[in-house]
Each structure stands twice: as C-alpha cells, then as structure tokens.
J.: 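One structure, as structure tokens, below. Some questions next.
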Amino acid sequence: MEIAVSYLSSYYSKEKTIELIENTSANYIHVDLMDGGFVANKNFTTEEVIELLKEHKKPLDIHLMTFDPIIYIEELSGLNPEYITFHLEATKEVIKTIECIKRRNIKVGISIKPNTNILELMPYLPLIDLVLIMSVEPGAGGQSFIKDSIKRLEELVKIRIDNNLNFKISMDGGINNETIKLVPNLDIAVSGSYVCKSNDYETQIKTLK
C-alpha cells in the first residue's frame with residue numbers, strides 16, 4: 001500500500017511540514033485545494049500552491065475540491081503532478097475534464113463524496129487512473145472515519161475485477177493506524193493529521209504501511 005500525506009493539519013508551517021514529508025518514506029504529497037464553494041472552506045490559490053510546491057521532490061497527488069475543476073488544470077500542470085483528482089459532483093463536464101488532464105500527460109483521478117452512489121462512476125472507470133473514496137465529508141481535516149467506506153471500497157474492488165479494469169483506489173479521511181486495518185485492499189491511503197500532528201512523521205507512516 002502506498003501512502004500520500006496531506007500537509008493541511010500540522011504543528012508546523014506549510015513549508016516546514018512539506019520539508020518533513022519530503023524526508024520520509026511517503027509515496028506522495030497529497031495537495032488539497034478548496035475553493036470555498038464546492039466545500040465550505042477555502043485554503044489556497046493556485047498561485048500559492050505552485051509557490052509552496054515548486055521545488056517538490058516527491059510525486060504530487062493533487063485533489064481539487066472545487067467547482068469547475070477544469071479551470072485549475074493548466075496552471076497546476078506546471079508542477080508536473082503524478083495525479084490530478086477532481087470530484088464527480090463538481091462538474092457536468094466530466095469527460096472534458098478527464099481529457100484536459102490526460103492531454104498534459106498527468107494521471108486522472110475522480111473522487112466521490114460519502115453519499116454519492118459508486119455506480120455513477122461506471123461510465124468513467126475505463127478512462128481514469130484513480131478513484132478517490134472520501135471516507136469523511138470533504139472540506140475539513142480531523143473528522144472521524146465513516147465505516148460505510150469499507151463496503152464502498154469492496155464494491156469498487158469487485159467492479160474493477162469484474163470489468164478487468166486497472167485504476168487504483170485511494171481513500172481520504174480519518175485514516176490512522178486503526179482505520180487502515182479496515183481497508184487492506186486500498187492501493188493508496190491518504191493521511192493528514194495522523195502523520196503531521198505527530199512528532200515523528202516516519203514512524204507514523206511506517207505504522208500505516
């Protein structure tokens with residue numbers, strides 16, 4: 001299982017937190033971008049994200065919690081991220097958004113909120129590289145893991161096998177050393193405060209792996 005670390009909830013500045021993540025065995029830096037519309041909170045502009053991560057060493061896993069995700073893609077593609085993930089619920093132009101990301105040779109992810117029916121993903125699964133299951137309501141850190149996410153993961157694994165597809169499955173929200181045991185079939189686990197609100201990032205990441 002790969003680990004992506006979100007730097008939003010930390011004891012340190014964003015710059016220091018990213019530096020600490022870079023010095024661990026984490027596989028990705030998970031970049032949350034919130035617009036204050038699709039989710040209640042607003043955190044960074046694209047310019048601030050680019051400035052913060054322009055010298056990143058680890059692969060970036062960018063998660064757009066924004067309406068009209070397509071308008072962010074061109075600027076963020078300059079960071080050469082591994083993945084750009086957008087929310088199924090955030091746009092009516094899903095295919096156009098997928099194509100926009102792919103044109104820039106970036107892997108495409110689609111995320112779904114806890115109450116979105118997994119079957120709504122079906123038309124897009126052959127076209128994408130990643131599905132991000134939200135195991136909390138998107139938009140705020142430190143929430144408790146929603147247990148129904150376990151069943152959603154298993155459903156998605158079955159769909160992948162039955163249809164001979166090869167997208168990765170990621171999960172974000174309330175991931176810690178206990179909840180990760182409930183989702184052993186995950187490909188990528190996203191963890192924020194469990195890692196970054198600790199005094200030893202590497203030890204926390206090892207307990208997740």
Side-chain angles (χ1 to χ4, degrees), residues 4 6-9 28-50 52-53 60-143 145-146 148-149 152-153 155-156 159-160 165 167-175 186-190 192:
S6 168
Y7 54 81
L8 285 189
S9 298
Y28 306 95
I29 297 173
H30 185 81
V31 183
D32 287 309
L33 186 60
M34 300 183 264
D35 66 355
F38 180 69
V39 292
N41 292 328
K42 181 175 171 57
N43 57 354
F44 307 109
T45 64
T46 50
E47 292 78 15
E48 287 168 332
V49 168
I50 290 163
L52 196 59
L53 291 158
L60 301 182
D61 169 30
I62 296 178
H63 177 196
L64 298 176
M65 288 180 266
T66 66
F67 284 121
D68 300 318
I70 205 163
I71 66 177
Y72 298 86
I73 291 164
E74 185 171 357
E75 281 187 271
L76 291 172
S77 66
L79 286 170
N80 193 29
E82 185 85 4
Y83 293 97
I84 293 181
T85 297
F86 66 95
H87 270 266
L88 184 64
E89 309 90 354
T91 180
K92 296 195 183 323
E93 298 186 318
V94 177
I95 296 289
K96 188 176 176 183
T97 307
I98 291 169
E99 290 173 346
C100 182
I101 297 169
K102 282 193 165 185
R103 270 200 308 276
R104 290 161 172 82
N105 295 315
I106 297 164
K107 293 175 185 170
V108 182
I110 295 182
S111 184
I112 51 171
K113 291 181 176 184
N115 292 325
T116 298
N117 191 322
I118 277 183
L119 295 180
E120 290 185 36
L121 287 166
M122 289 299 288
Y124 313 112
L125 293 177
L127 308 174
I128 64 174
D129 304 286
L130 178 77
V131 173
L132 174 59
I133 300 169
M134 291 304 299
S135 41
V136 297
E137 282 297 328
Q143 299 179 66
F145 180 85
I146 297 171
D148 191 52
S149 308
R152 289 161 72 74
L153 169 61
E155 286 174 11
L156 206 46
I159 288 168
R160 182 169 64 181
L165 296 169
F167 57 87
K168 288 189 174 183
I169 306 173
S170 181
M171 189 175 285
D172 182 3
I175 300 289
L186 267 187
D187 300 302
I188 303 172
V190 180

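Just so you know, these numbers use all the heavy atoms, side chains as well, and skip hydrogens, waters and symmetry mates.
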J.: Are any non-hydrogen side-chain atoms of I106 and E82 less than 4.5 angstrom apart?
T.: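 Not in contact.
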J.: Against F86, only a single residue in I73, T66, V108, I70 fulfils side chain to side chain contact (heavy atoms under 4.5 Å, CB included); can you say which?
T.: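 Filter result, single survivor: V108.
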J.: Ring-plane angle category for F38 and H87, please: parallel below 30°, perpendicular beyond 60°, tilted otherwise.
T.: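 Taking H87 first and then F38, their aromatic rings sit tilted (interplane angle of 30° to 60°).
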J.: Answer yes or no: is there a donor N or O on one side and an acceptor on the other, between the side chain of R104 and the main chain of C100, under 3.5 Å?
T.: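 Checked: pair present.
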J.: What verdict does the side-chain hydrogen bond (donor to acceptor under 3.5 Å, both in side chains) test give for D32 and H30, after you've listed the backbone C-alpha separation in whole Å, the side-chain angles of each residue and the deciding distance to 0.1 Å?
T.: CA-CA 6 Å; D32 287 309; H30 185 81; 3.1 Å; yes
J.: Determine, step by step, whether Y72 and T45 satisfy the side chain to side chain contact (heavy atoms under 4.5 Å, CB included) criterion, reporting the C-alpha distance in whole Å, the side-chain angles of both residues, the deciding distance to 0.1 Å, and the verdict.
T.: CA-CA 10 Å; Y72 298 86; T45 64; over 6 Å; no
J.: Can a salt bridge be assigned to the pair E89 and K113 using a cut-off of 4.0 Å between side-chain N and carboxylate O?
T.: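 Result for this pair is no, no salt bridge flagged.
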J.: Tell me, do K107 and K102 make a side-chain contact under 4.5 Å, heavy atoms counted?
T.: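 K107 vs K102: side chains apart.
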J.: Please round to the nearest 0.5 Å and tell me the distance separating atom CD1 of I133 and atom CD1 of I110.
T.: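 Here the interatomic distance stands at 13.0 Å.
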J.: Write down the atom of P69, the atom of A90, and the distance for their closest heavy-atom approach.
T.: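 Result for this residue pair: CD-O, 4.0 Å.
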J.: With heavy-atom distances below 4.5 Å as the criterion, would you say the side chains of V136 and F145 are in contact?
T.: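 Sidechains of F145 and V136: no contact.
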J.: Which atom pair, heavy atoms only, marks the closest approach of D172 to L132?
T.: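 Taking every non-hydrogen atom into account, CB-CD1, 3.7 Å.
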J.: So how far is it from L153 CG to L156 CG, rounded to the nearest 0.5 Å?
T.: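 Taking CG in L153 and CG in L156, the distance rounds to 7.0 Å.
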J.: Begin from the C-alpha positions of L88 and S111 and carry the test side chain to side chain contact (heavy atoms under 4.5 Å, CB included) through to its verdict.
T.: CA-CA 6 Å; L88 184 64; S111 184; over 6 Å; no
J.: Is the side chain of D61 donor-acceptor paired with the backbone N or O of I84 at a distance under 3.5 Å, no angle test?
T.: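 Checked: no pair found.
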J.: What closest approach, in Å, do V131 and I128 show between heavy atoms, and which atom pair accounts for it?
T.: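 What the structure gives for the nearest pair is CG2-CD1, 3.8 Å.
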J.: Answer yes or no: is there an ion pair linking K92 with D68, defined by an N-O contact shorter than 4.0 Å?
T.: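 Salt bridge absent between K92 and D68.
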J.: Could you state the interatomic distance from CD1 (I29) to CD1 (I62), rounded to the nearest 0.5 Å?
T.: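 Reported value, rounded in 0.5 Å steps: 10.5 Å.
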J.: For the backbone of G37 and the side chain of K42, can you confirm whether one donor and one acceptor N or O come within less than 3.5 Å of each other?
T.: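 No: the side chain of K42 does not pair with the backbone of G37.
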J.: Determine, step by step, whether L8 and M34 satisfy the side chain to side chain contact (heavy atoms under 4.5 Å, CB included) criterion, reporting the C-alpha distance in whole Å, the side-chain angles of both residues, the deciding distance to 0.1 Å, and the verdict.
T.: CA-CA 11 Å; L8 285 189; M34 300 183 264; 3.6 Å; yes
J.: If you apply the rule side chain to side chain contact (heavy atoms under 4.5 Å, CB included), what do you find for M65 with L33, and how did you get there?
T.: CA-CA 6 Å; M65 288 180 266; L33 186 60; over 6 Å; no
J.: So M134 and H63, do their side chains get closer than 4.5 Å, heavy atoms only?
T.: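 Side chain of H63 against side chain of M134, heavy atoms only: contact under 4.5 Å found.
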J.: Would you name the heavy atoms of L79 and L60 that are closest together and state the gap between them?
T.: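 In this case the closest contact between L79 and L60 is CB-CD1, 3.9 Å.
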J.: Say you draw a straight line from CG of D129 to OG of S170; how long is it, rounded to the nearest 0.5 Å?
T.: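 If we round to the nearest 0.5 Å, D129:CG and S170:OG are 12.5 Å apart.
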J.: Let me confirm one number: the CD1-CG distance from I169 to L130, rounded to the nearest 0.5 Å.
T.: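 That separation rounds to 9.0 Å.
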J.: Indicate yes or no: at least one non-hydrogen side-chain atom of N117 is less than 4.5 angstrom from one of R152.
T.: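 In short, these two side chains do not touch, never coming nearer than 4.5 Å.
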J.: Both conditions, 6.0 Å and 45 degrees, for the charged tip of K168 above the ring of Y83: are they met here?
T.: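 Checked: cation-pi criterion not met.
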J.: What are the two closest non-hydrogen atoms of P81 and L76, and how far apart are they?
T.: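 Shortest heavy-atom separation between P81 and L76 comes out as CD-O, 3.6 Å.
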J.: Would you say that more than 12 heavy atoms from the other residues, nucleotides or ligands in this model lie under 6.0 Å from the CD of E48, or not?
T.: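 Yes, the 6.0 Å shell around CD holds more than 12 heavy atoms from other groups.
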J.: Once side-chain hydrogen bond (donor to acceptor under 3.5 Å, both in side chains) is applied, do any residues pair with Y28, and if so which ones, sequence neighbours excluded?
T.: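 Listed in chain order: E2.
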J.: Test your reading of the model: is there a side-chain donor-acceptor pair from R160 to the backbone of F167, 3.5 Å cut-off?
T.: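 Pair found, side chain donor or acceptor close to backbone of F167.
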J.: Are any side-chain N or O atoms of T116 and backbone N or O atoms of I112, one a donor and one an acceptor, separated by less than 3.5 Å?
T.: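 Such a contact is absent between T116 side chain and I112 backbone.
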